[in-house]
Protein chains: 2
Amino acid sequence: MRTNSPFKHHQHSQCIQQALRNAESLCKKNGFRLTRVRKRVLELIWKSHQALGAYAILEQLGLEGVKPAPPTVYRALDFLLEAGLIHRLNSLNAYTGCSHPKDDHHGSYFLICQHCRNVAEIHDTGIDQQISSLAHRENFAVSEQALELSGTCQNCQGSAHA
Amino acid sequence: MRTNSPFKHHQHSQCIQQALRNAESLCKKNGFRLTRVRKRVLELIWKSHQALGAYAILEQLGLEGVKPAPPTVYRALDFLLEAGLIHRLNSLNAYTGCSHPKDDHHGSYFLICQHCRNVAEIHDTGIDQQISSLAHRENFAVSEQALELSGTCQNCQGSAHA
DNA sequence: GTCACAACTGTTATATTATAACATTACGTG
DNA sequence: CACGTAATGTTATAATATAACAGTTGTGAC
């Protein structure tokens, strides 16, 4: 049940639907409350494969009714982060949907295209292993890891704006 | 000429001196101007192995004379970043001295202790290789990479505040 | 059902990090 | 030393994020 690569043509509505189904079932299973705001924020984040800033989400919410204050959005983001439904990209101060919400036992790595701004979430056991061997070597107990690779995706290479 | 590990006991004054010497020679070689502010900011960053925020640097500068406005510090930081003399840690919004300013052909990885706040810069060809193989597999041209591992260093493991 | 509690959301204010725009000063070169 | 460029000073403000407290809603116990 992997989601599609943002760098390949796909029916994106499937990504959104899949993400919402995953969220529903995960929340049901764990007794989390996927409230209206939280669900809407998750939908907005999944509207594309581009990472979305908190204030961009606020803008969007403003377009469809009364614009909430920042804490509303940040609280929804905190919930979604803790539930493992989204990731924060530190290099962008922005948020992206988690495409593998099931398996939480290894790290997520991100490819961020600087041209089309799409973000791909990658899992890679080779890197996992190198990181854990590095940590072991240095006697370092890792609790959070963030690997963000910025550059140019396959579609944007060689194209006019590359 | 590797600098000392922040997680091992060492004469830290050596780190500072070494960093300043490296900076001087790099700037001389490339015709960069290591001005008073820039040098002072670099020294402050090297004062410890903890990452320093821009406004913390401002505070320090304020203690030793007239407190400059934010752009002064940010411009110095930009210079030092471009010269490769410091790194920015996205997960902390803070800056740390580069301990390997000579070799720029591979990536830097960071171990960030959440207890003592020290930061170690690591180079690791195993991870380098896995990253480039990943990028190749995904047809992604990497231009920037950031790997930040947060956790507990060897000293802080098992100690009271861990 | 309704009471009580906890979880969630609203609201106001403000903290923190960073940059834009323009004025002034310092620096090296001819 | 005059000139141009690079660096710094200054003022204002943008962008991101959180604190603190008030109000509302949803849920389980009874």
Side-chain angles (χ1 to χ4, degrees), chain A residues 23-24 26-45 50-62 64-83 85-96 117 146 148, chain B residues 23-24 26-45 50-62 64-83 85-96 117 146 148:
Chain A
E24 305 265 17
L26 182 139
C27 290
K28 183 154 235 168
K29 197 179 72 180
N30 294 90
F32 301 158
R33 286 164 59 185
L34 188 61
T35 62
R36 194 174 187 69
V37 194
R38 293 169 175 177
K39 187 170 173 184
R40 196 69 198 97
V41 169
L42 184 61
E43 271 173 5
L44 287 171
I45 288 175
Q50 299 178 357
L52 212 52
Y55 281 75
I57 293 170
L58 267 171
E59 286 307 314
Q60 287 301 311
L61 291 175
E64 31 186 86
V66 182
K67 184 168 163 180
T72 298
V73 164
Y74 280 102
R75 284 188 289 228
L77 291 170
D78 286 344
F79 169 83
L80 295 169
L81 284 167
E82 296 213 347
L85 293 166
I86 62 173
H87 296 284
R88 179 173 202 279
L89 297 174
N90 289 323
S91 63
L92 299 177
N93 293 339
Y95 305 83
T96 188
R117 306 236 145 241
E148 300 177 19
Chain B
E24 305 264 16
L26 182 139
C27 288
K28 184 154 234 171
K29 197 180 73 179
N30 294 91
F32 301 158
R33 286 163 61 185
L34 189 61
T35 62
R36 194 174 186 71
V37 194
R38 292 170 176 176
K39 187 171 173 184
R40 195 70 198 99
V41 169
L42 184 61
E43 270 173 6
L44 287 171
I45 288 176
Q50 299 178 357
L52 211 53
Y55 281 75
I57 294 170
L58 267 171
E59 286 309 312
Q60 286 302 312
L61 291 175
E64 32 186 86
V66 183
K67 184 167 163 181
T72 297
V73 164
Y74 280 102
R75 284 189 289 228
L77 290 171
D78 286 344
F79 169 83
L80 295 168
L81 284 168
E82 296 214 346
L85 292 166
I86 62 173
H87 296 284
R88 179 174 203 279
L89 296 174
N90 289 323
S91 63
L92 301 177
N93 293 339
Y95 305 83
T96 189
R117 306 236 145 241
E148 299 178 21

Fill in the blank from the handout: Nearest-nucleotide check on DNA chain D, B:Arg75 vs A:Asp78; residue mapping nearer the 5' end is B:Arg75
Problem - Contact check, side chains of A:Ile57 and A:Leu77, non-hydrogen atoms, under 4.5 Å - result: yes
Practice task
Starting at atom CG of A:Leu89, determine the distance to atom P of D:dA15, rounded to an integer number of angstrom.
Solution key: 20 Å
Handout entry: Among D:dT16, D:dT11, D:dT18, the nucleotide that comes nearest once only the side chain of A:Pro70 is considered
Key = D:dT18
Problem - d(CD, A:Glu82; P, C:dC8) in whole Å - result: 11 Å
Problem - B:Arg38 side-chain N/O to D:dA7 phosphate OP1/OP2 under 4.0 Å - result: yes
Exercise for the section: Ignoring backbone atoms, test whether A:Thr35 places a side-chain nitrogen or oxygen under 4.0 Å from the OP1 or OP2 oxygen of C:dT9. Expected result: yes
Exercise for the section: Check whether any side-chain N or O of B:Glu148 sits under 3.5 Å from a backbone N or O of B:Asn90 as a donor-acceptor pair, and report yes or no. Expected result: yes
Practice task
Take the protein atom NZ of A:Lys67 and the nucleotide atom P of C:dT12, then report the distance between them rounded to whole Å.
Solution key: 14 Å
Exercise for the section: For A:Leu80 and C:dC8, give me the distance from atom CG to atom P, rounded to whole Å. Expected result: 12 Å
Completion exercise
Among C:dT17, C:dT11, D:dT10, the one nearest any side-chain atom of A:Thr72 is C:dT11
Practice task
Check the distance between C:dT12's P and A:Leu58's CG and give it to me in whole angstrom.
Solution key: 15 Å
Problem - Side chain of B:Asn93 (C-beta onward), nearest among C:dT17, D:dT10, D:dT16 - result: C:dT17
Problem - Nearest-Å distance for atom pair CZ/P, residues B:Arg40 and D:dG9 - result: 14 Å
Problem - Rounded interatomic separation in angstrom, taking CD from A:Glu59 and C1' from D:dT16 - result: 13 Å
Completion exercise
Rounded to the nearest 0.5 Å, the CD1 atom of A:Ile45 sits from the OG1 atom of A:Thr96 at a distance of 7.5 Å
Exercise for the section: Evaluate whether atom CZ of A:Arg40 has more than 12 neighbouring non-hydrogen atoms of other residues, nucleotides or ligands under 6.0 angstrom away. Expected result: yes
Exercise for the section: Would you classify B:Tyr95 as touching base, sugar-phosphate or nothing, given that sugar-phosphate means primed atoms plus P, OP1 and OP2, and contacts are heavy atoms under 4.0 Å? Expected result: sugar-phosphate
Practice task
Rounded to the nearest angstrom, tell me the gap between atom CZ in A:Arg36 and atom C1' in C:dG10.
Solution key: 16 Å
Completion exercise
Per atom distances to the A:Pro71 side chain, the nearest of D:dA19, C:dT9, D:dT16 is D:dA19
Practice task
Evaluate the side-chain proximity of A:Arg75 to A:Arg38: yes if any heavy-atom separation is below 4.5 Å, no if none is.
Solution key: no
Practice task
Could you check whether B:Tyr55 and the base of C:dT16 form a stacked pair, meaning centres closer than 5.5 Å and planes differing by less than 30°?
Solution key: no
Exercise for the section: Answer with yes or no whether B:Arg33 presents, from its side chain, a donor or acceptor under 3.5 Å of a partner atom in the base of C:dG28. Expected result: no
